[in-house]
Novice: 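Okay, handing you the structure first.
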Amino acid sequence: MTDIVASGIGYPIQAAVYIYTGDNRLVFGFSFTRVTADQGLYIDLSPAGVHVDVTEPQIDGGVLRLGATMNDPSSGGEPAVGTFKQLLWISGTASRVDHSLRGDSGVHLQGRDTGRETFLYTSKNFEGAVNVQGGGGGVEGRVNADTHKIVDAFNTLIGFYRPSSGSVEDMSVDTPFGRVQCPCTFPSFTSEGFGPPFRAGRYRFNLTGAGATTTQPGEVVLGGADARLP
């Protein structure tokens with residue numbers, strides 16, 4: 001079982017677990033993002049090959065816990081046997097993050113640095129022609145017209161770009177390999193998986209649209225990491 005524990009958290013915050021085979025094929029990916037204390041965004045990518053049980057993210061007293069257990073369906077739910085790689089990250093304002101791998105006495109964690117940067121942006125962080133965020137009377141609004149956010153990746157860009165509420169007229173990303181329409185996720189390190197690999201290069205995330213919520217502005221979320229597999 002893989003655990004992510006973060007203490008001293010503030011919002012927005014994101015935790016993610018991605019699991020790969022020995023030849024870098026995506027087995028499972030899961031990320032949890034909370035923009036405010038009462039607004040969460042869940043992204044659950046379908047597993048392939050093994051079944052992964054994700055622990056419901058727990059936030060208690062400023063501590064976030066997220067866990068995942070890999071099981072083999074052909075063995076009646078027994079723990080999966082084989083060689084797997086894992087990519088873990090957390091983005092936000094956590095003051096301390098701990099990663100651990102739990103199992104019997106034969107299970108060991110051989111962790112390595114998987115990347116240089118993690119990031120978590122909302123629509124209020126975008127730049128461009130018009131970006132108005134605010135409100136009153138318990139309702140917060142957003143207007144984005146021809147706004148964008150640029151992310152430079154030096155390894156492989158992995159993460160997601162999508163709204164949790166509101167509307168979008170243009171939501172896309174210009175990659176070194178062409179334009180991708182969003183909402184979208186980008187979890188693959190190879191051409192196999194859920195989408196094209198987001199290799200090293202410059203990415204321009206485009207946003208035009210408006211929305212209103214009862215929580216806070218910035219309900220369009222862009223989160224991820226500039227990562228390399230261990």
Side-chain angles (χ1 to χ4, degrees), residues 4 6 11-20 24-36 39-48 52 54 56-57 64 66 68 86-92 94 114-126 142 144 147-153 155-168 170-209 211 213 218-229:
I4 295 180
Y11 300 107
I13 194 168
Q14 176 197 35
V17 179
Y18 285 82
I19 299 172
Y20 296 82
N24 294 349
R25 287 180 297 172
L26 179 67
V27 173
F28 178 85
F30 174 88
S31 64
F32 163 77
T33 303
R34 189 172 287 277
V35 178
T36 67
Q39 181 183 21
L41 170 64
Y42 293 82
I43 298 174
D44 190 354
L45 305 178
S46 299
V52 180
V54 176
E56 179 75 13
L64 179 145
L66 176 65
Q86 60 183 348
L87 172 67
L88 315 174
W89 85 71
I90 194 162
S91 299
T114 56
R116 298 295 179 213
E117 300 292 339
T118 62
F119 56 87
L120 178 60
Y121 301 115
T122 65
S123 51
K124 63 184 178 181
N125 301 122
F126 281 51
R142 162 189 66 84
N144 291 87
T147 60
H148 66 275
K149 185 68 180 177
I150 293 177
V151 175
D152 288 312
N155 295 285
T156 297
L157 197 62
I158 184 168
F160 65 91
Y161 179 40
R162 65 190 307 158
S164 58
S165 62
S167 65
V168 291
D170 175 28
M171 192 175 194
S172 60
V173 51
D174 295 320
T175 81
F177 319 102
R179 173 166 288 197
V180 176
Q181 295 298 321
C182 297
C184 56
T185 58
F186 26 103
S188 298
F189 279 84
T190 69
S191 59
E192 302 175 13
F194 294 91
F198 281 50
R199 301 291 187 181
R202 170 160 288 192
Y203 295 82
R204 187 181 193 273
F205 293 86
N206 308 300
L207 177 63
T208 294
T213 71
E219 81 278 10
V220 176
V221 182
L222 168 62
D226 177 10
R228 57 183 173 83
L229 275 176

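From a predicted model like this one, the values you see are computed outputs, not experimental measurements. Heavy atoms only: backbone and side chains are in, while hydrogens, waters and symmetry mates are out.
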Novice: Check side-chain hydrogen bond (donor to acceptor under 3.5 Å, both in side chains) between Arg204 and all other residues, then give those that pass, not counting sequence neighbours.
Specialist: His148, Asn206
Novice: Using the rule ring-ring contact (aromatic ring centres under 6.0 Å, His included), only one of Phe126, Tyr161, Phe160 pairs with Phe205; which is it?
Specialist: Tyr161
Novice: Where do Phe28 and Val54 land on the side-chain contact (heavy atoms from CB on, under 4.5 Å) test, with the steps shown first?
Specialist: CA-CA 10 Å; Phe28 178 85; Val54 176; 3.4 Å; yes
Novice: Would you please name every residue forming a side-chain contact (heavy atoms from CB on, under 4.5 Å) with Arg202, sequence neighbours left out?
Specialist: Ile150, Asp152
Novice: Atom OG1 of Thr118 and atom CD1 of Ile90: how far apart are they, to the nearest 0.5 Å?
Specialist: 8.5 Å
Novice: Going by the rule side-chain hydrogen bond (donor to acceptor under 3.5 Å, both in side chains), which residues pair with Asp170 if we only count those two or more places apart in sequence or in a different chain?
Specialist: Ser172
Novice: State, with a plain yes or no, whether a side-chain heavy atom of Leu157 is found less than 4.5 Å away from one of Val151.
Specialist: yes
Novice: Mind checking whether Arg179 and Val173 have side chains closer than 4.5 Å, heavy atoms only?
Specialist: no
Novice: Considering only heavy atoms from C-beta outward, does the side chain of Leu207 approach that of Val220 to under 4.5 Å?
Specialist: yes
Novice: Compare all side-chain heavy atoms of Ile158 with those of Leu87 and state whether any distance is below 4.5 angstrom.
Specialist: yes
Novice: Tell me, do Phe177 and Phe198 make a side-chain contact under 4.5 Å, heavy atoms counted?
Specialist: no
Novice: For Pro183, give me all partners under side-chain contact (heavy atoms from CB on, under 4.5 Å), at least two apart in sequence or on another chain.
Specialist: Arg162, Pro163, Met171
Novice: Test your reading of the model: is there a side-chain donor-acceptor pair from Ser31 to the backbone of Ala16, 3.5 Å cut-off?
Specialist: no
Novice: Locate the shortest heavy-atom distance separating Ala15 from Leu66; write the atom from each residue and the value.
Specialist: CB-CD2, 3.8 Å
Novice: Please tell me if the side chains of Lys149 and Tyr203 come closer than 4.5 Å, counting only heavy atoms from C-beta onward.
Specialist: no
Novice: Do Val27 and Tyr18 have side chains that get closer than 4.5 Å, going by heavy atoms?
Specialist: no
Novice: Decide yes or no on side-chain contact (heavy atoms from CB on, under 4.5 Å) for Thr175 and Val180, but give the supporting numbers first.
Specialist: CA-CA 7 Å; Thr175 81; Val180 176; 4.0 Å; yes
Novice: I want to check something: taking the side chain as every heavy atom from C-beta on, are Asn144 and Thr208 in contact at a cut-off of under 4.5 Å?
Specialist: no
Novice: What's the separation between atom CG in Leu64 and atom CD in Gln14, rounded to the nearest 0.5 Å?
Specialist: 11.0 Å
Novice: Given the side-chain rings of Phe30 and Phe32, with only the six-membered ring counted for Trp, is the space between their centroids under 6.0 Å?
Specialist: no
Novice: Quick one: closest heavy-atom pair of Ala6 and Ala94, and the distance?
Specialist: CB-CB, 3.8 Å
Novice: To the nearest 0.5 Å, what is the distance between CG (Leu222) and CG (Asn125)?
Specialist: 9.0 Å
Novice: Which heavy atom in Thr122 sits nearest to a heavy atom in Pro12, and how many Å separate them?
Specialist: CG2-CG, 4.5 Å
